[in-house]
Amino acid sequence: MINALPPAFIFIVGGLLIPLFKGKARAAYMLLLPVLGFVNLLRLPMGESWVVPFLDFQVTLCRIDRLSLLFGYIYHLISLITVIYILHVKRNVEYVAGFIYAGAALGAIFAGDLFSFFCFWELLTVGSVLLIWARGTARAQAAGIRYFLVHAFGGLMLLAGIVMRVHDTGSIAFNFIGLDGSVANLCIFLGIGINCAWPALHSWLVDAYPEATIGGVVFLSAFTTKTAVYALARAFPGTECLIWIGVGMAAFPIFYAVIENDLRKVLAYSLINQVGFMVVGIGIGTELAINGATAHAFNDILFKGLLFMSMGAVMYRTGKINATDLGGLYKCMPWTAGFCIVGAASISAFPLFSGFVSKSMVMEAAAHHHLTVVWLVLLFASAGVFHHAGIKIPFFAFYSHDAGHKVEEAPLNMLIAMGITAALCIGIGSFPKYLYALLPYDVPYEPYTLSHVMSQTELLFFSALAFTLLLLAGIYPAEIRAVNLDADWIYRKGARLFYRLSAGLLNGLNGLADRIFVGGLAGSLARFARQGPANLLWLVVSPYLAITGHDALARAQAKTRLYADLAAGTLAIGFTALAIAVYAGILFLG
Amino acid sequence: MKKEHIFDKPQNVKRLLAIFFGCLVVLLVGDFFVHKHAYFAWEEWPEFYAVFGFVACVVLVLVSKYVLRPLVMRDEEYYDD
């Protein structure tokens, strides 16, 4: 009987073998991989295993505890669901990239040391870029390159931090790191922060995710940010500034989401908003807060995946994703519409849906610590997320004005994937104790109090009232085909500006240097050197002429003649002849 | 014959809105009978969550439309030149 393998290996090696299979065999093989991975995961012992010596260190490939295990379960689950969702895709690239990407995420969460964590972290970038490029459009290509550059920068930051930390502490253990004022830890913190899409570091997400393939974005929404959330929960729980970073993440994207036309981009913004709740929980750092953050990560992977899947199905059938081009699709895609509404209700935290049982843990932890502003902003964000993800997404895609699309319902494999996810969202929301049993800490928490159900329902229904009234009154902002500037402007337009500025500056410097050194100094030097012998000669001759009583005119004539003779070379020949004669004479005399 | 869908009939939309407004009234009335498990004083104010939800969304929409959009909206080809 063989020992259980590191989960990442099954996904990465298994993923690379996909091209060996064709047709039904390929489908069966790909469905088997996550199942096999899951069975393997269950057989892995708690604690550390697969400890491999590497240079002078011990690399730990499997560190199984309740925190990593929770992420491990959901990563396997969403991999299986996403594979079902994309089974209609013919090309291998999405599957292989998806499995490598999922495997990298599994490797990162089970890594017990910073070296292997870093390697898998970088592999995450490779997998995700492939999922963006797989779309094959010029925009996707450009977005993929931008994504790659941002993450390469983040990865280098992380690497720099790790190298400094290992140098300082002599240990590569990946445990609590915290911010202690050292540059090393700060670099690690920021490196993780880029993947976590912190405000101002977030724009790679909203830039690239809407450009990925239909299935690729379901993979993407699950792994990169959640692995960063895991890393923060592992290394920086209770870091106070995370509370404020999380508050920023929860608050600002909802404004963008209201005016955004591309519905997958709306979801990308709401992804940042949801991760904000998790980051706040990690920043608070109590057992309840960490439980809330991780439970919300678990749920978010499902309901955000479901929302991306439903929008992907719409895009697959209609070829459109902008709200301006959609509407009325409930008529021809009723199942997709239904699943989308389940996802929308879950992300909005309606009672009996999954968001309700996890988001409130973070809210309660904030209230418990009397973080008044934090709590109020999170409440605002809760109302706002219902507004843009809960109402806007289903309303503009499936209802609103009829855009006249006469399409078929989504393919069966997509419906099955969405159906499983929707069932899980309702199941977890209705029977949360099964999820709670998996959380890192044993903290009693009861989401279904009459007070909580009542207050949350009031909040959501009156948000809906605001939407309805604003829409009926014609105040609700009409969807407009447009680009909304975000922080990526800094490197998209800003970089161009920087390029122009530096081109201007450097070319100017170049020109100046050219004028001074090549045209000016070198010219004068050349002229001086060319007339050097004449100048030197004149230095000797002019005092002699002055002493011998030549007047100024005669001296000027003599000077002109001297320079002309030297330039013509006649004098030089005369001199040379003279020198030879003198030399011969000396020889003769000698 | 073209198939009729549920919201093709205006009275169905009206019915849905009526149910929705009915729910709102039930919630408003119910609020007085539910004891709030409160951390903050204002959570015990009557209809706090209803008012907060409504005001939050109105503010959200107005700020997005009248502040953010004029600041950040550009032509669709803005980045393509």
Side-chain angles (χ1 to χ4, degrees), chain A residues 139 142 254-259 261 328 330-331 334 364 366-368 370 372 375-376 379-384 386-388 399 402 449-470 472 475-478 480-486 488-489 492-493, chain B residues 2-8 13 16-17 20-28 30-44 46-81:
Chain A
R139 285 167 64 101
I254 55 180
F255 293 95
Y256 270 100
V258 170
I259 56 170
N261 190 21
Y330 77 93
K331 297 172 187 173
E364 175 135 339
H368 205 74
H370 294 282
T372 313
W375 187 85
L376 283 172
L379 193 65
F380 175 72
S382 303
F386 177 49
H387 203 90
H388 71 256
Y399 303 95
D402 192 338
T449 61
L450 186 59
S451 155
H452 182 205
V453 172
M454 188 70 187
S455 49
Q456 181 67 11
T457 315
E458 270 183 45
L459 183 80
L460 296 177
F461 267 73
F462 281 84
S463 303
L465 175 68
F467 178 86
T468 314
L469 294 184
L470 290 168
L472 292 176
I475 299 172
Y476 195 83
I480 301 177
R481 290 167 203 282
V483 165
N484 295 313
L485 303 188
D486 199 341
D488 54 342
W489 183 90
R492 296 179 75 177
K493 280 291 176 180
Chain B
K2 203 168 153 253
K3 200 181 159 200
E4 271 269 287
H5 293 276
I6 182 164
F7 294 122
D8 285 345
V13 178
L16 183 75
L17 282 175
F20 175 61
F21 289 129
C23 291
L24 295 180
V25 174
V26 171
L27 284 170
L28 284 178
D31 187 78
F32 287 99
F33 297 98
V34 174
H35 172 70
K36 295 280 163 48
H37 176 73
Y39 282 95
F40 301 106
W42 55 75
E43 285 187 84
E44 288 171 348
E47 320 291 358
F48 167 74
Y49 282 95
V51 173
F52 189 97
F54 184 81
V55 173
C57 280
V58 172
V59 169
L60 170 66
V61 168
L62 295 184
V63 169
S64 303
K65 185 178 179 183
Y66 294 110
V67 180
L68 187 64
R69 194 169 244 181
L71 278 177
V72 301
M73 195 172 76
R74 295 292 182 278
D75 193 64
E76 232 181 349
E77 277 79 41
Y78 179 74
Y79 283 122
D80 297 340
D81 61 354

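This is a predicted model, so every value here is computed, not measured. Chain identifiers are assigned alphabetically (A, B, ...) following the order of the sequence lines, protein sequences preceding nucleic acid strands; residue numbering begins at 1 within each chain.
For chain B, no part of T449(A) is nearby; none of its heavy atoms comes within less than 4.5 Å. Both the backbone and the side chain of L450(A) come within less than 4.5 Å of a heavy atom in chain B. Residue E47(B) touches chain A through both its backbone and its side chain, counting heavy-atom pairs closer than 4.5 Å. Both the backbone and the side chain of A464(A) come within contact range of chain B, each with at least one heavy atom under 4.5 Å from a heavy atom of that chain.
Between M73(B) and A482(A), the shortest heavy-atom distance links the atoms CG-CB, 3.4 Å. Scanning both residues, C57(B) and H387(A), for their nearest heavy atoms gives SG-ND1, 3.2 Å. Between C23(B) and F461(A), the shortest heavy-atom distance links the atoms CB-CE2, 3.6 Å. Between I259(A) and S64(B), the shortest heavy-atom contact is CG2-O, 3.6 Å. Nearest approach of F380(A) to F52(B), heavy atoms of both residues: N-CE2, 3.6 Å.
Of the listed residues V483(A), V258(A), N261(A), the one with more heavy-atom pairs under 4.5 angstrom with chain B than any other is V483(A). Ranked by heavy-atom pairs shorter than 4.5 Å toward chain A, the options V34(B), L17(B), L60(B) are led by L60(B). Chain B forms the most heavy-atom pairs under 4.5 Å with one residue out of Q456(A), H388(A), H368(A), H452(A), and that residue is H368(A). Ranked by heavy-atom pairs shorter than 4.5 Å toward chain B, the options S463(A), A383(A), A142(A), G384(A) are led by S463(A). The most heavy-atom pairs under 4.5 Å with chain B, out of T372(A), D486(A), T468(A), come from T372(A). By number of non-hydrogen pairs under 4.5 angstrom with chain B, the leading residue of Y330(A), Y256(A), Y476(A) is Y330(A). Between chain A and the options D75(B), L62(B), D31(B), L28(B), heavy-atom pairs under 4.5 Å are most frequent for D31(B). When each of L376(A), L459(A), L469(A) is scored by its heavy-atom pairs under 4.5 Å with chain B, the top score falls to L459(A).
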field: Steps toward side-chain contact (heavy atoms from CB on, under 4.5 Å) verdict (L465(A), F20(B))
entry: CA-CA 9 Å; L465(A) 175 68; F20(B) 175 61; 4.2 Å; yes
task: For side-chain contact (heavy atoms from CB on, under 4.5 Å), just list the numbers for W489(A) and R74(B), CA-CA rounded to whole Å, side-chain angles, deciding distance to a tenth of an Å, and then say yes or no.
output: CA-CA 11 Å; W489(A) 183 90; R74(B) 295 292 182 278; over 6 Å; no
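Counting only distance, with no hydrogens or angles, the side chain of R492(A) and the backbone of Y79(B) share no donor-acceptor pair below 3.5 Å.
Looking only at side-chain heavy atoms (C-beta outward), L485(A) and L71(B) stay at 4.5 Å or farther from each other. In this structure, the side chains of F48(B) and L379(A) come closer than 4.5 Å at one or more pairs of heavy atoms. For the pair L24(B) and F462(A), the minimum side-chain heavy-atom distance is below 4.5 Å. Inter-residue side-chain proximity for L27(B) and M454(A) is flagged as met; some heavy-atom pair is nearer than 4.5 Å.
H370(A) and Y39(B) have perpendicular rings, their planes meeting at more than 60° on a 0 to 90° scale where under 30° would count as parallel.
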